[in-house]
Protein chains: 2
Amino acid sequence: MDHITIKTLAKKLGISTSTISRAFNGSTDINKDTRDRILDYAKKHNFLPNHYASNLRDKKSKTLAVIVPEIVNDFFAQAINGIEEVARKKGFYILLYRTDDVFEKEVSFVNYLNNGKADGIIMSVSGEANDHNYMRALAQKNIPVVFFDRVYEDIDVSKVTTNDYEASFEATEHLIHTGCKRIAYLVVNKSISIGKVRMQGYVDALEKHGIAFDDDLVIDCSQDEKINYSIIKQVLEDIKPDGIFSSVERLAFATLSVCNDMNIAIPNDLKIVSFSSLQIAPLLNPPLSTVTQPAYEMGIKAATLLFDALEKKGQVVPRKHIVLKSKLFIRKSSGG
Amino acid sequence: MDHITIKTLAKKLGISTSTISRAFNGSTDINKDTRDRILDYAKKHNFLPNHYASNLRDKKSKTLAVIVPEIVNDFFAQAINGIEEVARKKGFYILLYRTDDVFEKEVSFVNYLNNGKADGIIMSVSGEANDHNYMRALAQKNIPVVFFDRVYEDIDVSKVTTNDYEASFEATEHLIHTGCKRIAYLVVNKSISIGKVRMQGYVDALEKHGIAFDDDLVIDCSQDEKINYSIIKQVLEDIKPDGIFSSVERLAFATLSVCNDMNIAIPNDLKIVSFSSLQIAPLLNPPLSTVTQPAYEMGIKAATLLFDALEKKGQVVPRKHIVLKSKLFIRKSSGG
DNA sequence: TTGTACGCGTTATCAT
DNA sequence: ATGATAACGCGTACAA
């Protein structure tokens, strides 16, 4: 028995294919005995209806596409966990795609998804401020999308973000309270998405406390670890900030490395707070003060929003924007 | 133009569906001009052949299933990166599934994959020593499988692992060289897969150096963080080992936490080495000595093996078992 | 080089 | 409660 289909099954059992189909779809229009007979036989022979044939019939792939910049990052890993949790309950599976923050990869994958491969998409965008028309094509095909954390403002879909502005304000203010006068802001791209909003919180906190904003203290970093290391090293040597507010976990790690190598004492010589969802932040040397986003909950919410849209397909579903709260954990790196 | 198919496209362009199909499949049997005309029109209207219909036709889903115990773990995250890297080059996509080390989830997902949803499967097994017949069903359907890191010995598929025995031996020996006399072995399940092999390396290293094996020093932990914390705390209080060899990263983190809380000085009072692919291990307090597996390479190899099998479908492909080398990084937690 | 026509495996509709 | 059948969108053998 090489290749079982409901057709061959039907022949073997002397029933019609429709009845077989009904057995698998929990139809009530079927005798319990025949159903059991079918299911038993199927289980014994390891048969399951072909997913692609079903999908071709009813245009439901039971698949969610998840697009994230990276996976080796507790924030995204936890968010994926949240998404998967919800998806699993709904009997959905997850197609994962990693963009490495490369815009072209994002575009290519989104275009690919245009063909109905997934019923919906949850994504944290690569963040480039380019032409976003490839996103609009999805709307035409009625494929719902939910952004989380990093969003495109000009695309009208549901979104799940955190109170980045307030959290950044609070983090910066905390550094000021501990006595910092020259706080550097580490960012990968200050002109887009989260980099921009978080910077505004930083800027406004400075202003509130009468500290002049200094453009030299805004440190634009890259995706490359080694380059970041040199950039930060140079900053610590030349500009000598007494505080660091990092909008991205990775840059805080680089800072810790540099400090290790340069023997800069944290928190005495330099205080650090960073956005980070790293679970072992308390185990770092020194324990890292973090603005921690509720990554897992964000995943849950994003998936929930997506299923809301999915279940009301055809109807006009109002976009929602859910804003969750981050939490500031003050640890030793900022004098806690 | 709500719903485009190659049929509607054919009508619009006044060509037949076969020609359209040819245009998309890079057939040479087609005039370059017609091809361009078709592709241009398609791109303009955002058309892509329906993936499910194609798959139904030629039984190629261009999808790989990846099954891992967890995602919030640099080892698995990096391995997934490696897998994705290869898959991407081959034009494949990844269906991700997380088992949380729950055997039933693994079985359920594997059974689901039986229906041709994915062309192949790469997995790190949940590790329970149960009946593995659900795995055999895949072989019948000609769906190739590759195990990585955690494998079932009794299932005949290609495997990618690391030299766990030697690495464990070396790590334990290192602890002995630093003066440890009472080395505890932390493990989640000492009777299966990696837990077992790594323990053997530990046991043999003790023996080589004339240290009596003490069953009380083998600490069986759980999946639950809080329980692990209490277990380890109790061990440090009562059994008072002077060295810890942790077969799993998570347990090393728990140990660090306990030591923090109990004011146990590492490495003076206690030395630690752990299996871990954590990239920021050097930034921990103290920097953690690790046995680091080449996670990314393992992903690459596993995916490569899978494609080998995939590309020789039908033929008998000999199973391969690739063993990569882990690297011992001696850091301060073990006196480095 | 292009077109015709069938079938991939399933499910919904309509009968019975 | 069950069966016959058409249709989902595509690719390919075959014919032209």
Side-chain angles (χ1 to χ4, degrees), chain A residues 1-39 41-42 45-63 112-119 141-143, chain B residues 1-39 42 45-63 112-119 141-142:
Chain A
M1 186 55 12
D2 215 21
H3 192 53
I4 310 186
T5 71
I6 59 166
K7 240 184 235 173
T8 60
L9 233 190
K11 248 172 222 157
K12 282 266 184 276
L13 294 178
I15 349 182
S16 78
T17 59
S18 349
T19 307
I20 311 266
S21 178
R22 280 191 269 262
F24 281 101
N25 294 312
S27 165
T28 50
D29 270 13
I30 185 173
N31 185 303
K32 201 175 179 332
D33 291 345
T34 37
R35 205 195 61 192
D36 290 348
R37 195 159 65 93
I38 295 171
L39 261 31
Y41 188 92
H45 293 262
N46 258 302
F47 170 77
L48 235 61
N50 180 294
H51 181 259
Y52 291 92
S54 316
N55 183 242
L56 179 56
R57 266 296 311 205
D58 37 85
K59 278 116 183 38
K60 296 243 147 81
S61 68
K62 290 247 173 202
T63 303
Y112 166 73
L113 291 172
N114 241 321
N115 66 358
K117 171 80 182 179
D119 292 341
K141 304 255 174 149
N142 253 300
I143 299 175
Chain B
M1 186 57 11
D2 213 23
H3 193 52
I4 312 187
T5 72
I6 59 167
K7 235 185 242 173
T8 59
L9 234 190
K11 248 172 221 154
K12 282 267 184 279
L13 294 178
I15 350 183
S16 81
T17 59
S18 14
T19 308
I20 311 265
S21 178
R22 281 190 267 264
F24 280 101
N25 294 312
S27 166
T28 49
D29 273 12
I30 186 175
N31 186 302
K32 201 175 180 331
D33 291 345
T34 37
R35 208 196 58 191
D36 290 347
R37 193 158 65 94
I38 294 170
L39 261 30
H45 292 262
N46 257 303
F47 170 78
L48 234 62
N50 181 294
H51 180 261
Y52 292 91
S54 318
N55 183 240
L56 180 56
R57 266 294 313 206
D58 34 86
K59 278 118 183 37
K60 296 244 147 77
S61 67
K62 291 247 172 199
T63 302
Y112 166 74
L113 291 173
N114 241 321
N115 66 358
K117 170 82 182 180
D119 292 340
K141 305 255 174 149
N142 253 299

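Naming convention: chains lettered A, B, ... in sequence-line order (proteins, then strands); numbering from 1 in each chain. All values reported here derive from a predicted model rather than from experimental measurement.
- Side-chain proximity of A:Ile15 to C:dT4, C:dT1, D:dG3: nearest is D:dG3.
- If you measure from atom CD1 of B:Ile38 to atom C1' of D:dC10, you get 14 Å, rounded to the nearest angstrom.
- Here B:Thr19 contributes atom OG1 and B:Phe24 contributes atom CZ; the two are 12.5 Å apart, rounded to the nearest 0.5 Å.
- Separating the CD1 atom of B:Ile6 from the C1' atom of C:dC6 is a distance of 13 Å, rounded to the nearest angstrom.
- One atom, CZ of A:Phe24, and another, P of C:dT10, lie 9 Å apart when rounded to the nearest Å.
- OP1 or OP2 of D:dG11 has at least one side-chain nitrogen or oxygen of B:Ser54 nearer than 4.0 Å.
- Between the side chain of A:Arg22 and the base of D:dG3, a donor-acceptor pair under 3.5 Å is found.
- Remark: B:Lys59 is in phosphate contact with C:dG9, judged by side-chain N or O atoms under 4.0 Å from OP1 or OP2.
- For the pair B:Asp29 and B:Leu56, both in contact range of DNA chain C, the more 5′-proximal nearest nucleotide belongs to B:Asp29.
- No hydrogens or angles were tested; on distance alone, a donor-acceptor pair under 3.5 Å links the side chain of B:Ser18 to the base of C:dT4.
- Taking 4.5 Å as the limit, every side-chain heavy atom of B:Lys59 sits out of range of all side-chain heavy atoms of A:Tyr52.
- Considering only the side chain of B:Arg57, C:dC8 comes nearest among C:dC8, D:dG3, C:dG3.
- Checking C:dT10, D:dG11, C:dT1 against the side-chain heavy atoms of A:Phe47 singles out C:dT10 as nearest.
- Contact check, A:His3 against C:dC8: no side-chain N or O comes under 4.0 Å of OP1 or OP2.
- For D:dG3, one of the phosphate oxygens OP1 or OP2 lies less than 4.0 angstrom from a side-chain nitrogen or oxygen of A:Ser16.
- The CG-P distance, from B:Leu13 to C:dG3, rounds to 11 Å in whole Å.
- B:Thr34 has a side-chain polar atom (N or O) that falls below the 4.0 Å cut-off from OP1 or OP2 of C:dT2.
- Comparing atom distances between the A:Ser21 side chain and each of C:dT2, C:dT11, D:dC8 picks out C:dT11 as nearest.
- Under 3.5 Å, the side chains of A:Ser61 and A:Asp119 contain a donor-acceptor pair of N or O atoms.
- Here B:Arg37 does not pair with B:Asp33 in a salt bridge; the nearest charged N to carboxylate O distance is not below 4.0 Å.
- A straight line from CG of A:Asn50 to P of C:dC8 spans 12 Å, rounded to a whole angstrom.
- Both A:Thr17 and A:Arg35 lie close to DNA chain D; mapped to their nearest nucleotides by heavy-atom distance, the more 5′-ward contact belongs to A:Arg35.
- Between A:Tyr52 atom OH and D:dC8 atom P the separation is 21 Å, expressed in whole Å.
- Protein atom NE2 of A:His51 is 16 Å distant from nucleotide atom P of C:dG9, rounded to whole Å.
- The separation between B:Asn25 atom CG and D:dA13 atom C1' is 15 Å, rounded to whole Å.
- Taking 4.5 Å as the limit, every side-chain heavy atom of A:Lys12 sits out of range of all side-chain heavy atoms of A:Ile4.
- Checking A:Lys62 against A:Ser54 by side-chain atom types alone, no donor-acceptor pair falls below 3.5 Å.
- The listed nucleotides are D:dG9, D:dT2, C:dT10; the one nearest the side chain of A:Ile30 is D:dT2.
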